[in-house]
Amino acid sequence: MQDNILEIHNLVTSFASDGRKDRAIAVNGVDIAIPKGSTVGLVGESGCGKSVTSLSAMGLLPDNGRVESGEAIFCGRDLLKLPDRELRKIRGNRISMIFQEPMTSLNPVIPVGKQVSEALRLHGGMDKETAKRKSIEILERVGVPEARRRYDNYPHQLSGGLRQRVMIGMAMALKPDLLIADEPTTALDVSIEAQILRLMRTLQRESGMSILMITHNLGVVAEICDEVYVMYAGEVVEHADVYALFRDCAHPYTRGLIASLPRMTPKGQRLYTIRGTVPNLRAMPAGCRFAPRCERACKRCWEEKPLLQDIGNGHLCRCHAPVGTNGNGGEGNG
Amino acid sequence: MGKYITKRVLVTIPVLLGIILLIFYMLNVVPGDPVTVMMKEHLKEDVIENLRRTMHLDDPFFLRYLRYVWDALRGDLGVSWKLNRSVTALIATAFPYTLRLAVAAALFSWIMGIPVGILSAVKKNSLMDHLSMGLSLFGVSMPVFWVALILQNTFKGVLPVSGANSWQCYILPTVVLGWSSAGRIARLTRSNLLEVMRNDYIRTARSKGLSPLRVISRHALKNALIPVITVMAIQISSLLSGAVITESVFAIPGVGSLAVSAINNRDMPLLQGTVIFTAVLIIAGNLVADVLYSVIDPRIRVE
């Protein structure tokens, strides 16, 4: 217990939309624990609630979002109950975030160096000159060439990869205990992605921070994560360490995700796809939320909601008929 | 930067020539012979002939246009038919009144408009927001002459309602003229700020732990005010060229009143002069807006 830097318990987050009275539940009872010093992946397709989970914990939900219940324990304090003032002392200081789109996540009218030094001045209490010197050091550290000159550049003058390095520098400025990276490489091309992931790993080794890596890319997960949570339609459906997940994934959804990765297979084979789309947040199936798309779904799956159960060695799975057991459905061809 | 400004200035030259050509042509085809306008009572043949010659009225159109442009370049906009004084001098006399009113109205509209817009955006959908947006809409939509008459009626006896011989005279016209500008600026500030607040970089700023006040003042406002500043620069140039209706209603002897009297008197050179003066100011306003834009928004800056 005490080894976790952040523990999210039973988080429920809802969103209001225009002209409707009922609120859509985007995150429905999520439990996540991030051990100190490790990298935890949070995987799922767009709209499954993975970003909302992290934004809820940080108190950064948009105006129409609201945390309904749950807790997010960081160093013994529940972030969800902290007054905004206290939460602001943690944000950017002990927990930092990196976002997906480095172009829109940096302020277009403020030089990038200033954006890095801002957090230093706010939380580190540095004066302007010290913060500037420190920021240039940080920019060099995250691999921005000619950092002194780049300090005065505006975001549009940098490439996507450099912008993401600046974002990382900004997030790492105060050596946070936890870095939440929300799809940090999705907008970058593959070679840059590898560089950025390597950089994050190096920085993690140096500082011993924990990382929550939010992604839909299983390649990134395999590259960098120690353990993984798989989310589907606002719920965690599987949790395991990264080796167990790729070797013996138990949930049909996870298996579908892994199966749909392109591989070095003989020519002529079609890539696997999961049929159908994510169910509407306001019209969730009564039983298992994945049942309408599942090849193994049986009557029970449609009627009874499965619970997240330990299927051995701390491997959790939310399924009546996990892969590898004698399920009621067909075997599929994953 | 200097290169950019030079380029922008050079572009204005053909625009200005085109505007002069258009005005010159339009006033040329308007019915009514200048000489008849000038000397209604004594119409002797030889006098008319003589005048037409000295005024070059029989020359071809294009020659007269070129002559006018050449004179205008040297600051000579011709002589008023009615008042028999140099148009340039008449505008120079009237302009200080217009300038005072324009500056006062512009300041009024900025000091009211921007803070009200920011507050409305921050307190979106509150009573304050609805009230100030209602007042803004009212200011934007009400005809100026109507607001002017209502205010004159309401404040007669308390404030001077016409003339321009003391600073108090400017209070009502400033409110009348500034109200609609203030409304426009408030609405624009509000909608821009709300839009900017939805951006990813605002979330980044908040994720750094900045207070809501700093997020707005350091990260949102600069982005939100870029379009507002453009509107402000263009607005002040149109205010400077004379608020025709406001000046007439409040009997302020500015450029607007001058234009009205020129129309009433069929005083073509004077009308031509005031219109060209207006055009120059508006072109200059646009130029200033463009330059300001590139100063504030680094993305526009030409490398």
Side-chain angles (χ1 to χ4, degrees), chain A residues 51 54-55 57-64 84-112 114-124 152-157 163 166-167 170-171 173-174 176 179-182 187, chain B residues 1 4 114 118-126 129 189-230 289-303:
Chain A
S51 296
S54 68
L55 293 176
M58 295 288 283
L60 291 174
L61 286 172
D63 285 345
N64 57 345
D84 194 49
R85 218 185 160 72
E86 293 298 312
L87 192 56
R88 286 205 305 266
K89 284 186 196 155
I90 293 175
R91 282 206 295 250
N93 183 16
R94 304 197 54 198
I95 308 181
S96 292
M97 294 190 83
I98 314 174
F99 300 101
Q100 174 173 355
E101 189 39 80
M103 181 70 228
T104 55
S105 296
L106 288 169
N107 194 326
V109 299
I110 300 178
V112 291
K114 273 223 173 94
Q115 298 190 49
V116 175
S117 64
E118 197 172 23
L120 292 172
R121 296 190 62 191
L122 179 73
H123 298 294
D152 293 314
N153 276 179
Y154 289 93
H156 73 278
Q157 294 169 306
R163 284 198 289 261
V166 170
M167 280 296 290
M170 221 157 85
L174 286 145
L179 176 69
I180 299 177
D182 190 349
Chain B
M1 196 70 188
Y4 173 71
I114 294 176
I118 294 171
L119 275 178
S120 289
V122 174
K123 304 254 172 250
K124 193 176 90 172
N125 292 333
S126 65
D129 178 29
T189 306
R190 177 182 183 273
S191 65
N192 279 325
L193 194 56
L194 286 177
E195 176 135 1
V196 164
M197 289 301 281
R198 274 197 293 270
N199 271 313
D200 288 351
Y201 54 80
I202 296 300
R203 188 181 53 189
T204 309
R206 290 177 62 207
S207 82
K208 281 189 218 172
L210 298 177
S211 67
L213 191 70
R214 293 220 1 192
V215 169
I216 290 173
S217 65
R218 288 194 34 100
H219 285 265
L221 218 48
K222 206 171 166 194
N223 284 285
L225 286 184
I226 291 171
V228 179
I229 285 169
T230 322
D290 274 1
V291 172
L292 272 182
Y293 219 113
S294 70
V295 169
I296 306 163
D297 192 340
R299 286 163 297 182
I300 313 254
R301 231 168 272 168
V302 188
E303 310 277 319

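If you're wondering where the values come from, they're calculated on a predicted model, not measured in any experiment.
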Segment of L106(A) engaging chain B (4.5 angstrom heavy-atom cut-off): backbone
For residues Q157(A) and D152(A), determine if any side-chain heavy atom of one lies less than 4.5 Å from a side-chain heavy atom of the other. no
Chain B: which of E118(A), M97(A), M170(A), R85(A) shares the most heavy-atom pairs with it under 4.5 Å? E118(A)
Sub-4.5 Å side-chain heavy-atom contact between L179(A) and S96(A): yes
Look at K89(A), E101(A), Q100(A), Q115(A) and state which one has the largest set of heavy-atom pairs under 4.5 Å with chain B. Q115(A)
In Å, rounded to the nearest 0.5 Å, how long is the span from CG of N199(B) to CE of M197(B)? 10.0 Å
By a 4.5 Å heavy-atom criterion (distance strictly below it), what part of P108(A) contacts chain B: side chain, backbone, both, or neither? both
Take atom CG in D63(A); do more than 12 heavy atoms of anything else shown fall under 6.0 Å from it? no
Under a 4.5 Å heavy-atom cutoff, which of P155(A), G59(A), A171(A), S105(A) has the most pairs with chain B? S105(A)
Measure the CG-NZ distance between L119(B) and K124(B) for me, rounded to the nearest 0.5 Å. 15.5 Å
In residues 216-225 of chain B, which residues are in contact with chain A at a heavy-atom separation under 4.5 Å? R218(B), H219(B), K222(B), N223(B)
Region of L61(A) that comes under 4.5 Å of a non-hydrogen atom in chain B: backbone
Indicate the atoms forming the closest heavy-atom contact of S54(A) with I180(A), along with that distance. CB-CG2, 3.7 Å
Closest non-hydrogen atom pair between V196(B) and Y201(B), with its separation: CG1-OH, 3.5 Å
Identify the heavy atoms of L194(B) and A121(B) that sit nearest to each other, and give their distance. CD2-O, 3.6 Å
Quick one: pull up CZ in R190(B) and NZ in K123(B) and give me the separation to the nearest 0.5 Å. 13.5 Å
Can you measure from CG (L122(A)) to CG (N93(A)) and round to the nearest 0.5 angstrom? 8.5 Å
Tell me, side chain or backbone of T104(A) under 4.5 Å from chain B's heavy atoms, or both, or neither? both
Turns out that what part of L174(A) lies under 4.5 Å from chain B's heavy atoms comes down to neither
Toward chain A: residues of residues 202-209 of chain B with heavy atoms under 4.5 Å: R203(B), T204(B), R206(B), S207(B), K208(B), G209(B)
Sidechain-backbone polar pair: S126(B) side chain, D129(B) backbone, donor-acceptor under 3.5 Å: yes
